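Because the structure is a prediction, the values reported are computed rather than measured.
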Amino acid sequence: MMETGALNLRNVLPWLWTVLWIAAIVLALLLFVGAPVGEALSGFWQGAFGGRRHAYLMATLSRSALIVGMAISVMLSFRAGLFNIGGEGQLVAGGLAAALIAILLPGPPLVVLAAAIAGAMLAGAAWALLAGVLQFYMGVPLLVGSLLLNYPIRYIGSYLVAHPFRDVPSGMVQSYLVPQATWFAYFPGTRLDIGILFTLTATAFALVYSYGTLHGYHTRLNGLSADFARTVGLPVRRLTLQTLAISGAIAGLVGAIAVFGIHHRYIDGMLVQPLYAWTGIIAVLLVGMVPWAVPISGFFFAAVQTGAAGMERAAGVPKEIALVIQAVIILFVASRVSGALSSRAGRGDGDA
């Protein structure tokens, strides 16, 4: 019993130290810019959860729908041992496909919306599968291939909304509006659209897939040891491509949520500049790829970003403090991963 208690304490202490370090760094930054700490913290809380009729809470939930969606996409790949960091490209592919299908396809609004969402998921899945094809048939490591594929789809999207599908009268680099009848409805009395329900559905799917399906078990086994998975006869290549397709499809769905729920068109940079994909990666690594904890982590990062904007409004604290907090968390995650790898290497040497 004492050993179990010591083990639990050993697992909790790193998290407590991280919270203390983040709090200390935030406090130091507030003092450095000369901001009143009380007003800054109050502004943070109001900016993340307050506002008239909880308007800022709705903004946090809206942002978390995209971050959590991308985190779920990343988590499925990472748990399978696939370092797919091309979520940004898959997100852009989905958002671009959703907007163009909705603009070009005639028909009843619900049919157009369903087709656009399906097209977005297919586009995201196809872009993720391309990284897998590059790995298996051209020898390009998935980490490199998925990262590099982020760039061509961004430039393709920039070209399409800057030239053939540009809404010229708007004066901005953006597509035409999708039909208004396809816009996601808001929950009554709020500015939160129903796109968050798609994210919740994706989260439920990920939980069931990870904990309750044979395919999810096989992918997890592949993530723990691909060599062992091959030895016991698992079809590793097929598992890899299927997992990449599922991961990319969820990223494409998130792109569609942004188009139909927030922007109602495709705007150049709208899915890249907010760093949804990269924040999703941090959210997954922070909780050690534990499926049920990923939505909580994603919501936390959304609250940090909207709360930082509230601090800027209330106390004049630069909202870039949110990026500093993320940087601290990245350092913490990197140190944990490095420590785990060193510990594993040490155990291997001892066994040898």
Side-chain angles (χ1 to χ4, degrees), residues 15-16 18-71 184 186-197 199-200 203 254 257-258 261-264 267 269-287 293-333:
W15 298 98
L16 294 178
T18 301
V19 172
L20 291 175
W21 271 111
I22 292 175
I25 291 173
V26 171
L27 179 61
L29 289 172
L30 293 178
L31 295 175
F32 178 76
V33 299
V37 176
E39 290 183 20
L41 295 178
S42 176
F44 180 91
W45 181 264
Q46 288 297 319
F49 309 111
R52 184 179 180 184
R53 302 180 70 175
H54 300 290
Y56 295 136
L57 174 60
M58 298 301 106
T60 299
L61 288 172
S62 180
R63 180 176 288 268
S64 69
L66 304 182
I67 294 176
V68 171
M70 292 308 301
F184 285 159
Y186 293 115
F187 288 102
T190 73
R191 296 291 293 177
L192 177 66
D193 63 81
I194 62 172
I196 195 172
L197 296 180
T199 300
L200 293 175
T203 302
V254 176
I257 293 172
I262 300 175
H263 301 286
H264 306 135
I267 304 171
M270 75 177 196
L271 300 173
V272 175
Q273 294 172 358
L275 301 176
Y276 296 128
W278 298 106
T279 305
I281 291 175
I282 302 170
V284 169
L285 294 179
L286 178 64
V287 295
V294 168
I296 300 172
S297 181
F299 179 79
F300 164 75
F301 279 102
V304 166
Q305 294 173 1
T306 54
M311 279 200 301
E312 186 174 57
R313 289 191 300 266
V317 178
K319 62 183 179 182
E320 284 73 18
I321 193 172
L323 297 177
V324 175
I325 294 174
Q326 290 188 21
V328 173
I329 294 174
I330 291 173
L331 291 174
F332 163 70
V333 170

Kindly write out the residues that satisfy side-chain contact (heavy atoms from CB on, under 4.5 Å) with [X], not counting sequence neighbours, or none if the list is empty.
{"X": "A55", "answer": "none"}
{"X": "A308", "answer": "K319, I321, A322"}
{"X": "Y186", "answer": "R191, D193, H264"}
{"X": "L197", "answer": "F187, I194, L200"}

Inset, instruction - Taking the side chain as every heavy atom from C-beta outward, state whether V287 and I296 have any atom pair closer than 4.5 Å. - result: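 No; the side chains remain at least 4.5 Å from each other.
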
Identify each donor-acceptor pair in which a side-chain atom of residues 23-52 lies under 3.5 Å from a protein atom, sequence neighbours left out, and give them as a table.
none

Inset, instruction - Indicate the atoms forming the closest heavy-atom contact of V68 with P295, along with that distance. - result: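 That closest heavy-atom pairing would be CG2-O, 3.7 Å.
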
Legend entry - Nearest atoms (heavy-atom pairs only) where F299 meets T60: CE1-CG2, 3.7 Å

To the nearest 0.5 Å, what is the distance between [atom1] on [X] and [atom2] on [Y]?
{"X": "I67", "Y": "T199", "atom1": "CD1", "atom2": "OG1", "value": "11.0 Å"}
{"X": "R63", "Y": "I262", "atom1": "CZ", "atom2": "CD1", "value": "8.5 Å"}
{"X": "M70", "Y": "L271", "atom1": "CE", "atom2": "CG", "value": "9.0 Å"}
{"X": "M58", "Y": "I196", "atom1": "CE", "atom2": "CD1", "value": "8.5 Å"}

Inset, instruction - Kindly say whether L61 contributes a backbone atom to a donor-acceptor pair with the side chain of S64 at under 3.5 angstrom? - result: yes

Legend entry - Neighbour count >12 (heavy atoms, 6.0 Å) for atom OH, Y56: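 Counting other residues, nucleotides and ligands, OH of Y56 stays at 12 neighbours or fewer.
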
Legend entry - Within 6.0 angstrom of H54 NE2, more than 12 heavy atoms from elsewhere: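 No, the 6.0 Å shell around NE2 holds no more than 12 heavy atoms from other groups.
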
Would you mind writing out the side-chain donor-acceptor pairs for residues 274-281 within the sub-3.5 Å range, not counting sequence neighbours?
{"unit_1": "W278", "atom_1": "NE1", "unit_2": "E88", "atom_2": "OE2", "d": "3.1"}
{"unit_1": "T279", "atom_1": "OG1", "unit_2": "L275", "atom_2": "O", "d": "2.7"}

